[in-house]
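Order of the sequence lines sets the chain letters (A, B, ...), proteins ahead of strands, with each chain counted from 1. Note that this is a predicted model, so its numbers are computed, not measured.
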Amino acid sequence: MYILVTRTRPDRVRLRELDADGGPAEPADAGADVTLSDAAFAAHARAREGGGVRWVWEDTADIYPLLLRAHVRVQRCHDLRLCHAILRNSALTGASVLANAAAGRWDAPPAVPRPETAGSTLFDMDLGGAVDTAGETPGEDILTEFLAQLAAVAGSTEPGRLRLLLAAESVGALIAAEMQFAGLPWRTGIHDSLLTAELGPRAAPGQRPVRLESLAGRIREELGDPTVNPDSPPELLRALNRAGVQVTTTRAWELEKLSHPVIEPLLRYKKLARLQSANGWYWMQTWIVDDRFHPEYLPGGVVTGRWATRGGGALQLPRQIRGAVVADPGWRFVVADAAQLEPRILAALSADTAMAAAGRGTDLYAGIVASGVVETRAHAKVAMLGAMYGATSGESGRLLPRLARAYPRALALTESAARAGERGDIVSTRLGRSSPRPGPDWQDDQARGSEGGAGSAAQRRARSQAGDWGRFTRNFIVQGTAAEWALCWMAEIRKGLWALSAPASPEAGTTRSAPGPFASVPHLVFFLHDEVIVHTPAALADDVARIVGEAAATAGRLLFGDFPVDFPLTCVVVDSYADAK
DNA sequence: CGAGCCCGCGCG
DNA sequence: AAAGCGCGCGGGCTCG
């Protein structure tokens, strides 16, 4: 049973029920076609949940927060905007009407920036997210698009894989909205102490904290330049050169190699200046609301299918400040990450049983060493990364032939993906997300490079661009399939947590309490490509850890069936994210 | 003064 | 150009 949800006004939605085949529900059904206020919609959704309903809407980030604010969670949805993007580009649906139609509004990014859901006044914008349905009955457009998507899947070469992908992408959108709503528990007091210990007390706006200012003074002294601004790479570069330091860039890893009295204070300055500008007091004041960090997650925000975020740099939380991420009293974190996820994905994608065997019940890189392919774990890792990223030189390049002898199937797959990209062809993930085609500039450069009488510069340029795109497609199949695995993993975690009975926490409703429907139940609060954090009442932490582990195994089976590949986790129960590794 | 670029660095 | 993939963000800086 599907229920289509269309926003007709900023505070109204229209619901239309369809049967499982996408046909109209029996007209006799009460509420088969109704328009409701947001409040009535939330009540209706609560009543209909649990009956195998899938909610179909244009944009999860537009609709779902209003349900969450009413303490209503839903199990399943179909996010038309995200699914359209997949089906539009997938090689598996290339013959469909949907893929061959002229570009329309479904191919554009969401017209209106979406409202924040933290429940904070700071971000309370009343954005209607109004949909342009000029000349149509509200909802017709949604219905037409949904039916086109169902048809594209049904007519594809791998409907089962695409159905799984669309379901995973959509539940990812639910999870993203829920994580933004719930927020990551954050102790500003601890954060402030960390900053003060490193930088000195908070300074007035426009001023450097004392530790930074004194390091800047030492840098000027050592360079013999009383005015140089270490925040300006060009100025700093000139000052370094004048002082006889032979560098062409001011990157820290380049400076590290040098010995000069300015290097030590300069490297310390760079580290601290980064902390101050990226995650300092201003960041804290901007992004931490009611003891929670509420980043906006963007499912499908990366072409490979990885998520992106907007605001606060959520996917770059430096280790330095993870100590501020502390579970509520009476609660714990279950922090889990998938060990060597991408090489395991490659082993399974290519059905390379030898590589999969190397990772069975052990660290995959250690397994490669144990198989005698290379001498050290570090070599195994750099060689694998080289295979997946397309390294050609250096240590990684030198080790590749040994990897290719031991794991010919895996390496043949990455090579063929690279060759496809070099030709301008597309490649696809396990579940059917396809890479974009290179742009017109790329095509032009290739054409010019292969013309008779093309100059060597044009040829070099064409080859270089082809190589770049080949490395992108080479990595796309692995990164993209890993993203699919991670979506399935999270979806299974969410399902398991939902089923876990939730006794009220003794602290719930007192000092701190997770927002809305999460006040007393374990819930996902963070996701970082191959790592998740679940915030859970302490008594349930062990159950949660078990669920997270089982979910990883299930995700592997969903993608790769019976192929014997393991997806082990490192999983810990902690009070602070800083203790996770 | 804002828009958009580069640089550098954080994360996987 | 870190030896090779994918991001977001802040500061400096240039251009209009």
Practice task
Output yes when at least one side-chain N/O atom of A:R474 is less than 4.0 Å from OP1 or OP2 of C:dG4, else no.
Solution key: no

Handout entry: Integer angstrom distance from the P of C:dG4 to that of B:dC5
Key = 24 Å

Practice task
For A:R306, answer base if it contacts any base atom (sugar-phosphate contacts may also be present), sugar-phosphate if it contacts only those atoms, and nothing otherwise; contact means non-hydrogen atoms under 4.0 Å.
Solution key: base

Practice task
Apply side-chain contact (heavy atoms from CB on, under 4.5 Å) to A:K271 and list each qualifying residue two or more places apart in sequence or on a separate chain.
Solution key: A:Q320

Problem - Short side-chain N/O contact from A:K270 to OP1 or OP2 of B:dG8, under 4.0 Å - result: no

Fill in the blank from the handout: Testing B:dG8, B:dG12, B:dG10 for proximity to the side chain of A:Y389, the answer is B:dG12

Tell me which donor-acceptor pairs under 3.5 Å the side chains of residues 343-352 of chain A have, and how far apart each pair is, sequence neighbours excluded?
residue, atom, partner, partner atom, Å
A:R344, NE, A:A339, O, 2.9
A:R344, NH1, A:G359, O, 2.8
A:R344, NH1, A:D566, O, 3.3
A:R344, NH2, A:Q340, OE1, 2.8
A:R344, NH2, A:T362, O, 2.9
A:S350, OG, A:L346, O, 2.8
A:S350, OG, A:A347, O, 3.3
A:D352, OD1, A:A354, N, 3.2
A:D352, OD1, A:M355, N, 3.0
A:D352, OD2, A:R409, N, 3.4
A:D352, OD2, A:A410, N, 2.9

Fill in the blank from the handout: Residues at least two apart in sequence or cross-chain that pass side-chain contact (heavy atoms from CB on, under 4.5 Å) with A:E222, listed by chain then number, are A:P261, A:V262

Practice task
Verify whether one side chain among A:W186 and A:H191 offers a donor that lies under 3.5 Å from an acceptor in the other.
Solution key: yes

Exercise for the section: Give me the residues of residues 526-533 of chain A where at least one heavy atom lies under 4.0 Å from an atom of DNA chain B, by number, or none. Expected result: A:L528, A:H529, A:D530

Practice task
Enter the inter-axis angle for the ends of the helix from B:dC1-C:dG16 to B:dG12-C:dC5 (five pairs per end, rounded to 10°).
Solution key: 10°

Fill in the blank from the handout: Between A:D468 and A:W253, whichever has its closest DNA chain C nucleotide further toward 5' is A:W253

Exercise for the section: Going 5' to 3' through nucleotides 7-16 of chain C, assign each nucleotide B (protein heavy atom under 4.0 Å from a base atom), S (under 4.0 Å only from sugar-phosphate atoms) or - (no protein heavy atom that close). Expected result: SBSSSSS---

Problem - Selection from B:dG8, C:dG4, B:dG12 that lies nearest to any side-chain heavy atom of A:S396 - result: C:dG4

Problem - Whole-Å distance separating the CG atom of A:L255 from the P atom of B:dG8 - result: 9 Å

Practice task
Establish, yes or no, whether a centroid distance under 6.0 Å links the rings of A:F293 and A:W283.
Solution key: yes

Practice task
Please determine if a side-chain N or O atom of A:K271 lies less than 4.0 Å away from the OP1 or OP2 oxygen of B:dC9.
Solution key: no

